[in-house]
Amino acid sequence: MNFPTLSESKRLEMLQPPTGRVRMVLDTDTYNEIDDQFAVVHALLSPEHLNVEALYAVPFHNNRSDSPEDGMEKSYDEILRLLDFLNVSTDGFVYRGSRAFFSDRNTPVPSDAATDLIERAMASTDEEPLYVVAVGAITNVASAILIEPEIIKRIVVIWLGGNPLYWPHTREFNLTQDLISAQVVLDCGVPFVWLPARGVVSHLHTTVAEMERYVQGRGKVGDYLVEIFKDYSSDHYAWSKVIWDISATAYLVNPAWVPTEIVHSPILTEAVTWSFDNSRHLMRVASSVDRDAIFRDLFEKLQQHTA
């Protein structure tokens, strides 16, 4: 596959941390865990910074699904449930994603989500790109890129997946679910902001006490978030839970909360490790998160939502 080539100066321009209100779509395996739900809510309660144009359901396969397709369908239903709690219309807003993972690097997995992403991206410009926020397996995004490589010039992908470059391996759920699609996105040259899991966004922990104090009673959606948070573990004694995915929405709301730096794109190996070649294109990678500022923002927006 021959992908469009961006000059490094243009790439760096597109990788500048955003200012003002941005256009975005959110690509999420919403039923896989409980953190995607928080990211959906955070995005939709941040209209002053985020113009959320669409939500895409992502395939996943674990003990909460029977197959990647079943995981995608359950994620689709979970998105609808959240939008109902928030009184947000679903018309032309929620799209089913891929029904399987990649089988090889040249064959996309078409879906309504990929089609919609292409249409929105092609209506964008490189001066005002579409931010594609992906917090699951990156199958939908990779498929859209393979189907229409020209979108590389018009989007910025923000992805939570994999472990930091210094980690001995990168066997993390979002990445290992569809290794091939991750390889496609890392290699294609799309402007890319990467949020590593362990040691970076893994600092986004909260507790039952905090959830009961700041989220319980904040409308139907607040009560639901507390319910799924508590249900995640039967033992709450000295227990906290990481809410990974709000790092991605937080980066767009206030990039200072998710400090980043420019590095050369790594090579994702078949052994699920990182390899390095400093002649490769540049990308942006997160090095830490401001846990307190991010949760404060989420909690305050939930309070304002029900005020």
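None of these values were measured; they are calculated from a predicted model.
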Between [X] and [Y], is any pair of side-chain heavy atoms under 4.5 Å apart?
| X | Y | value |
| --- | --- | --- |
| Phe102 | Leu146 | yes |
| Met211 | Lys241 | no |
| Glu33 | Arg64 | no |
| Val221 | Leu302 | yes |
| Asp112 | Tyr76 | no |
| Thr115 | Tyr95 | no |
| Pro18 | Tyr131 | yes |
| Trp159 | Val141 | no |

Phe93 and side chain to side chain contact (heavy atoms under 4.5 Å, CB included): which single residue from Val52, Ile79, Leu80 fits?
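That would be Val52.
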
Asn32 and side chain to side chain contact (heavy atoms under 4.5 Å, CB included): which partner among Val58, Asn62, Val135?
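Of all the options given, the one that passes is Asn62.
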
What closest approach, in Å, do [X] and [Y] show between heavy atoms, and which atom pair accounts for it?
| X | Y | value |
| --- | --- | --- |
| His61 | Asp66 | NE2-O, 3.2 Å |
| Leu130 | Glu53 | CD1-OE1, 4.1 Å |
| Ser98 | Asn140 | N-OD1, 2.8 Å |
| Pro4 | Ile152 | CD-CD1, 4.0 Å |
| Leu225 | Gln37 | CD2-CB, 3.9 Å |
| Lys74 | Ser65 | NZ-CA, 4.0 Å |

Just checking, is any N or O donor in the side chain of [X] or [Y] under 3.5 Å from an acceptor N or O on the other one?
| X | Y | answer |
| --- | --- | --- |
| Asp297 | His42 | yes |
| Ser67 | Asp70 | no |
| Thr170 | Asn163 | no |
| Ser233 | Asp235 | no |

Nearest 0.5 angstrom please: [X] [atom1] to [Y] [atom2], how far?
| X | Y | atom1 | atom2 | answer |
| --- | --- | --- | --- | --- |
| Met283 | Leu12 | CE | CG | 13.0 Å |
| Ile243 | Arg291 | CD1 | CZ | 10.0 Å |
| Ile138 | Asp27 | CD1 | CG | 7.5 Å |
| Asp77 | Leu82 | CG | CG | 11.0 Å |
| Glu300 | Leu298 | CD | CG | 10.0 Å |
| Gln177 | Asp29 | CD | CG | 7.5 Å |

Got a donor-acceptor contact below 3.5 angstrom from the [X] side chain to the [Y] backbone?
| X | Y | result |
| --- | --- | --- |
| His281 | His264 | no |
| Arg154 | Ala123 | no |
| Tyr56 | Leu117 | yes |
| Ser143 | Val109 | yes |
| Asp178 | Ser181 | yes |
| Arg218 | His305 | no |
| Asp223 | Gly217 | yes |
| Trp274 | Tyr166 | no |
| Arg284 | Pro17 | no |
| His203 | Ser288 | no |

Run the numbers on Val215 and Phe229 for side-chain contact (heavy atoms from CB on, under 4.5 Å), then give the verdict.
CA-CA 11 Å; Val215 180; Phe229 186 89; over 6 Å; no

N-O pairing of [X] and [Y] below 4.0 Å:
| X | Y | value |
| --- | --- | --- |
| Glu210 | Arg213 | no |
| Asp116 | Arg120 | yes |
| Lys301 | Glu48 | yes |

Starting from [Y], can I reach [X] by hopping between I/L/V/M/F/W/Y residues whose side chains sit under 4.5 Å apart?
| X | Y | value |
| --- | --- | --- |
| Tyr251 | Leu282 | yes |
| Trp194 | Phe173 | no |
| Phe60 | Leu160 | no |
| Met122 | Ile155 | yes |
| Tyr31 | Tyr232 | no |

Evaluate side-chain contact (heavy atoms from CB on, under 4.5 Å) for Leu44 paired with Leu83, printing each intermediate quantity in order.
CA-CA 9 Å; Leu44 294 175; Leu83 296 185; 3.4 Å; yes

Kindly determine whether Leu175 and Leu268 satisfy side-chain contact (heavy atoms from CB on, under 4.5 Å), including the steps that lead there.
CA-CA 10 Å; Leu175 185 150; Leu268 177 55; 4.0 Å; yes

Under 30°, 30 to 60°, or over 60°: which ring-plane class applies to Phe299 and Tyr214, parallel, tilted or perpendicular?
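The arrangement is parallel - the two ring planes meet at less than 30°.
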
Between Arg99 and Glu73, does a side-chain contact (heavy atoms from CB on, under 4.5 Å) hold up when you go through it step by step?
CA-CA 9 Å; Arg99 299 180 182 279; Glu73 289 289 354; 3.0 Å; yes

Counting heavy atoms not belonging to Lys10, are there more than 12 under 6.0 Å from its NZ?
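Buried by this count: over 12 neighbours within 6.0 Å.
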
Is it true that, when you exclude Arg296 itself, more than 12 heavy atoms of the residues, nucleotides or ligands shown sit nearer than 6.0 Å to its CZ?
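Atom CZ in Arg296 is not crowded, with 12 or fewer foreign heavy atoms closer than 6.0 Å.
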
